[in-house]
Each structure stands twice: as structure tokens, then as C-alpha cells.
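All residue numbers refer to positions in the sequence shown, counting from 1. As the structure is a prediction and not an experimental result, all values here were calculated from the model.
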Amino acid sequence: MSDPLSTLLAPPPDLPVAAGLTVLSEALTTHSVAVVHAPPGTGKTTLVPPAVAVGVSGRVIVTQPSRIAASAAARRLADLLGESLGETVGYAVRGDRRVGRRTRIEFVTTGLLLRRIQHDPELDGVGAVVLDEVHERHLDADITLALLVDIRATLRDDLAVVAMSATVEAERTAALLGDDAPVIRVPGALHPVETVWAPLPAGSRRTDERGITPAFHDHVADTVRRALTEHEGDVLVFVPGVGEVDATIRRLGDVDADVHPLHGRLPATEQDRALSEGPRRRVIVSTAVAESSLTVPGVRIVVDAGFSREPRTDHRRGLPSLVTVSVSRAAAEQRAGRAVRLGPGVVYRCWSEAEHAHLAAHPEPEIATADLTAFALEVACWGTDVRDLALLDQPPANALAAALQSLVELGAIAEDGTVTPRGRAIAEVPVDPRLARALLDGADRVGPRRAAEVVAMLSEDVRAPGGDLVAALRSLRSDRRMGAWRDQVRRLEAIARRRGSSDGEALTDDVAVGLVVALAHPDRIARQRPGGAAYLMTSGTGAAFDPRDPGPLAGLDWLAIADADRTAGRREARIRSAAPITEDLALEAAGSLWTETQEVGFVDGRVVARRRSLLGAIELSSSPLADPPARRDHRRDPQRAGARGSRTARVERRGRLPACATGLPAPHPRRPVARGERRGAHRESRHVARTSPDPGPLDRRPAPHRSRGGTARPPSVAGGEPTR
């Protein structure tokens, strides 16, 4: 029986990359590593994996930047072989796998390969790894490349590694791979692309503080109509996010074409519909998911809005977010290449040629701009120092320090940087570590299902109407199109239940959502400032809703903020999404931030003393001290006390850290609440809260109780009793 891969390559399909396949095979024979430098549209994703597979024993793993790209690339190659998925070619993405015993090429997302490496560093049964689109510089791609270099150096010198790049990063990548890795250069696409500049008319703005303006959305839709009139073929429209996809589609209801969305949250059936030709002309409105590795049949026209959504982090204030930025010139060229995959095409750019000259040459690597908490946890799980990894760029020192501190506070790593059992449990959850903590610790309080729903919503960057996450959750539950969200909910719920989570308490959605958000981001719990509309977060950063459209949450006393960003020149962060929370639940979620201080000062010989109870930067209560220690000193030695002038003394007592465990033990038992007693009340004590070396997954102590004098009493520890 003939080998289907050898048959495909003898001779190969007429794609530009075919010219470099012989050189690639020779390079792998002599070096076991190589870099393929090929522009978009040359067929590298289609033909390089078969060329590698015929020269190695074992399965070839091919990484893709998204689930859509992985399944689409596998389907295209299987079609070329005349086979069904799961035979010679298969794929595996989160929640879906189509492989069989005879599968020789498996397309996977980069994140999935990273999980496999952490579980099986020797990659048993794998003969080669092909890393596609390494020039995009996503965090998981950078660390996966680094770990593969480490594996080759210490465990598997026979493992073949091929990196594919569409930019000048090829030389740097080859240097990292070592062994004099050759760079195989492939000529560009055979088909020309025409560029049409279509800027917004003068006097209108593309963006404002709330994002892309309605006027620019209208302009993008008008450009699509123009393109349909001036050229033949299907249209692929690039906009930055799911909200913009929906806004554009609403404006195209009158066009004589089938209009389809394309993004990662869609069910697989709708994604397949967008990627399949139909009887009529089509307009596919897509996020950047269609920027690489995808061939959309029939597309001859690209309309590029000129924006992308990228991670940015204000490390000083702890505010990571996805922001809308202008596309880079390299990304714009890659998008234009979607129009010439199968023949000549045209790209309409919704900006001017003069503006194009001022765009950044390349997108910034995520390691330089993104929150590094998940990255730092992967490095800790690998058990090495980040400086010893073969990274294209080292992470910024302040960003890495902030990430490590976050992991210490989560209990994911010890003070010396080694990963804890709790950290490994968090790493097993396929979301950001903070969200993983919220799932594992929140499931017992709100139930595994509801905790999974909220965490899945937060991980999908859902844009909440009016900033209200409770309303967003209810909308997701009723929207049949949210198949990807539902699939993620099922996976996360199963993880929570496997860890023995109970069905939780009878909290309403209004506060249950807020509790899960607060567990994920205790530093963003916020209380409204007295006499104003703005809020103060426990981190000390101010925050406010957009005054032009504050939404339904404005004016509530307490909020758990999920998303906020602060632009240069703005005093306060802008709240993008949040949920209500009560003071008691805020204290339960962020018990480690609770402090009680006694502040004593001498002003002109007079003692000024107060007791303050704080949650981070938020003052819960303040009351005079009737007989502070400094006054007793004054009675003993008036001359010494008077000599202090205006000096101030501060005595501080801190709450117990809720999440620094090295494991995830069962919850602490709750003390029964007597009839008529408010939960949180306990007898008066000279309490000094202790820090437990082995606390439960979520502090089960009652929230601090406000006494008659206005002083918030300190939270009790396990079982509801104070520590003496």
C-alpha cells in the first residue's frame, strides 16, 4: 500500500513552498532543526508537515495559534490526501480531538502542546514538532519554543524541530535552535495584490475613549459595499474583536451577499460555514483569527479596518487588559495576503497611505506587554530559572516580579520560586491562574456550575453591556450561538467537580458573580468614595464608569471589577466590566488584605490616636482610641513624650492569607450560627490574626463584624472562633 504523504509530495501541489522542501529534508537529516522563512500564502502550513513526516519516525505535531486554524489546516491537508480527518491527518484542540492509531500528522494549538510538554517532557511517540507562525510572538509560542530547545539539549537530541516564520525573526529563531540550524527561504506568493486606500473622511474620528466610533463602523460597512461593487469574489473583513464583528454585521443587513461572523467563540458548525463556499457571494467578518494559517475559499477581497486587540498591562496598578491598537505594517501585509491565496486579489485599507508609513513595523511581542502570571507559572512548573530558557526576548524585570508576587499570593509558588502542589493544580486549569484560583476556591461557595460559567465568561473577554457582568452572564445563557462558551463551561465544571467541590450556597447571581470576580481579582474590589461617583480599589487605584454612559452599576456601594484600564493622562481607571458584591463577601474574598492599625501621633504636645480597619487601601472604619499606648507613656514620662513633637506611631494587625496553601485541602468547617445572630459576630477578644501555613482553598472565616463603636472587628479563623 502506497504512503499517502509520499504520493502527495511526488510531485507536490503547485505552491511556492514546494521549491524548498528538498532543502528542508536535507537539513533535517544533517541538523534535526531548521527554520522555514516563507511569506504568507506560500503553502508552508500545508506542505511542510508532510515533508517532515516522511523523513522521521513517530508522529509530527504541528502547532497553530488558534483552534480554528488548527482544525482548518488539518481539514485542508486531509482533503488533499483524499482522506477523512483522523486517518493520516488529525487535530486536537481544547475539548475536541480527531486522531486515530494511524495518524502521522496532528495539528494542535500551541497551548495544548505546552500542556503535553509539562506532562510528558520526553514527548513519547513524537518524532518532530513543527512550530507555525512563530513570528507572531505569542507568549505560549515563545515558551514552547524555549522548552523544546531545552528538551533537545537534555532529553531528546533526536527530536526534530522546525520553526516557520513569515518575518525577519527567522535568523534569531535559528540562533536559538542551535546546531547551526539552517534557514530555508521560500519565494513569495505567485499572485499580485492591489491596494486601495480608503481612509475615513476628514472631520471624523476612528476611535474615542470608548473604542471604535460608530462613524468608523459605518465607514467600514460602506467600504465593504464599495468593494462588492468594484470587484468580484468573496470579501474577508478584519475588525479587532467580537463586539466589532457584531457591529459590522448589523450594518451589512442590506448587502446582496451572505454575511458570516468568524471568531473563536462560535460553535464549530458556524465556523465551518464561514470557511466553506456557498451558492452566493459571501462577506466574512472576522477577528484576527483569520490573519494566519487559514485559507478562506473564494476570498478575493480583504477589507482591513486597521486595528487589532493586544494585551497591555499597567504593572504598577495591576491592571492587565486587552486594548485596541493600530495594526502593524507586518500584520497588515499578512491580512492582505488572505486575498491572494488562490489568485490575484485586492485589499481595501481603511486608512491613508501617509498613516500607513507611521505604523509600527511589527507587533510588539507579548512577553514585552502582557501580564506574565501564566508565563511565570509555566516556568515554575518546568523547574528552571527564566534566565536559563532560550527565549527570543527576556521578560521585563518589573513585569516578571509582579507576576511572581501574584503567584506567591495565590499560593502557586513558594517564596523561593518553586511551584507548590496548589500551583500545579492551578496550572491544570486552562485559564489564567487568577481565574483558576477563582474556579477552584469559588466552586464551594457558588457551586461548580456557576463558578465555571463566570470564569469561562471572564476568560473569553466578553464585553458586558453597560459594564454589568451579571447581565452579560444571563445573556450568554440564553444565546444559542455561544457554543464555545458552553463547551468551556462544561470543561471547567468537570475540573471543579473532580476536585470534590460541593453544590455551593444559595447565593443569587447578583452577588455570586461578584464573589467569583473578587476571588480572581481581590486587588480590584472597590468601594464608592464618599460624596462622589468614583470608586477606590483595594489596590489604591481610583476607578470610575464612563460619565457619558455609567450603566446600571454606578452608585452601588461595593463592586468587584473584572476589567479596567487607565490611559496616560487620566487620573482614574475606566471601569469596563464589574459585578455587585457585598461588604461581607468582599472581606471573605480578600481576607489577606484586611488590616487593623492603631495610629498615635503627638501634635503640639497633644496625643491624637485612632484605630483604623482597612481592606487594602479602603478604610472600613475609624474610631478614636480612648487610652492609646502613647498616652500611657506620656503619663509615665511627660517630658519624654513631649519631646516627640509630632511623631506618629503605628501598630498593625493583619488578616490571615486565604490562598497560600501548598495544596487544596477541604474547606474549613463553619461554626453554626445561632438564631438571631448575624454571621460574622463573635465575642470580643484581644485578637491578633495569624497567618496559617496551611489554610483552606478559601477563607471560611466570617467577615469582620462592625461593632457598635464603628470599628470593624478582625476576621476569625477556621471554625469561626478567634485566635487568642
Side-chain angles (χ1 to χ4, degrees), residues 1-9 28 43-133 140-141 144-145 147-148 151 156 158-164 264 266-269 271-272 275-276 289 292-295 428 430 483-484 487-488 490-491 494-495:
M1 183 177 178
S2 61
D3 176 14
L5 296 177
S6 298
T7 302
L8 174 69
L9 297 174
L28 292 179
K44 59 183 181 295
T45 304
T46 302
L47 292 185
V48 167
V52 174
V54 297
V56 301
S57 59
R59 183 171 293 180
V60 174
I61 304 296
V62 187
T63 65
Q64 293 295 301
S66 68
R67 287 172 284 175
I68 297 177
S71 59
R75 187 171 290 106
R76 174 169 169 76
L77 183 52
D79 288 343
L80 287 175
L81 296 174
E83 297 181 349
S84 299
L85 280 170
E87 296 184 46
T88 303
V89 179
Y91 71 86
V93 298
R94 190 175 62 191
D96 186 18
R97 192 179 187 202
R98 300 279 296 276
V99 297
R101 289 181 298 176
R102 296 194 302 111
T103 299
R104 296 172 60 189
I105 299 174
E106 183 181 3
F107 289 85
V108 302
T109 56
T110 311
L112 190 64
L113 175 59
L114 184 56
R115 294 265 56 78
R116 289 188 187 178
I117 288 174
Q118 293 282 17
H119 283 283
D120 177 20
E122 295 188 8
L123 290 176
D124 185 44
V126 176
V129 175
V130 178
L131 300 171
D132 202 359
E133 312 292 356
D140 55 1
T144 299
L145 173 61
L147 297 190
L148 287 171
I151 289 170
R156 288 278 311 275
D158 64 318
L159 180 67
V161 176
V162 177
M164 299 198 292
L266 291 173
T269 53
Q271 293 174 355
D272 292 343
L275 296 174
S276 303
V289 72
S292 59
S293 301
L294 281 179
T295 297
E428 289 299 311
D487 290 343
Q488 178 73 330
R490 283 191 288 270
R491 286 187 290 270
I495 291 172

Considering all heavy atoms, the nearest [X]-[Y] contact:
X: Glu87; Y: Ser84; value: OE2-N, 3.1 Å
X: Leu275; Y: Ala72; value: CD1-CB, 4.1 Å
X: Ser6; Y: Val54; value: OG-CG1, 3.8 Å
X: Glu106; Y: Ala92; value: OE2-CB, 3.2 Å
X: Val289; Y: Ser66; value: CG2-OG, 3.4 Å
X: Val93; Y: Ala70; value: CG1-CB, 3.8 Å

Inter-residue atom distance [X].[atom1] - [Y].[atom2], 0.5 Å rounding:
X: Leu114; Y: Leu145; atom1: CG; atom2: CG; answer: 12.0 Å
X: Thr63; Y: Met164; atom1: OG1; atom2: CE; answer: 7.5 Å
X: Leu147; Y: Gln118; atom1: CG; atom2: CD; answer: 6.0 Å
X: Arg59; Y: Thr103; atom1: CZ; atom2: OG1; answer: 5.0 Å
X: Asp132; Y: Lys44; atom1: CG; atom2: NZ; answer: 6.0 Å
X: Leu112; Y: Gln64; atom1: CG; atom2: CD; answer: 12.5 Å

**Prompt:** Going by distance alone, is a donor N or O of one side chain under 3.5 Å from an acceptor N or O of the other, for Thr110 and Asp140?
**Reply:**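 Result is no, nothing qualifies.
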Got a salt bridge between [X] and [Y], using NZ or NE/NH1/NH2 to carboxylate O under 4.0 Å?
X: Arg156; Y: Glu122; result: no
X: Arg104; Y: Asp3; result: yes
X: Asp272; Y: Arg75; result: yes

**Request:** Evaluate the criterion side chain to side chain contact (heavy atoms under 4.5 Å, CB included) for residue pair Arg116 and Ile61; output intermediate values, then yes/no.
**Result:** CA-CA 11 Å; Arg116 289 188 187 178; Ile61 304 296; 3.7 Å; yes
Do [X] and [Y] come close enough that some side-chain heavy atom pair is under 4.5 Å?
X: His119; Y: Glu428; result: yes
X: Thr109; Y: Arg94; result: no
X: Ile105; Y: Leu5; result: yes
X: Phe107; Y: Val89; result: yes
X: Asp96; Y: Arg67; result: no
X: Leu148; Y: Leu131; result: yes
X: Leu8; Y: Leu77; result: yes

**Request:** Would you check, one step at a time, whether the test side chain to side chain contact (heavy atoms under 4.5 Å, CB included) holds for Thr45 with Arg76?
**Result:** CA-CA 10 Å; Thr45 304; Arg76 174 169 169 76; over 6 Å; no
**Request:** Using atom types as modelled and distance alone, determine if a side-chain donor or acceptor of Glu83 lies under 3.5 Å from a backbone N or O of Thr88.
**Result:**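 Present.
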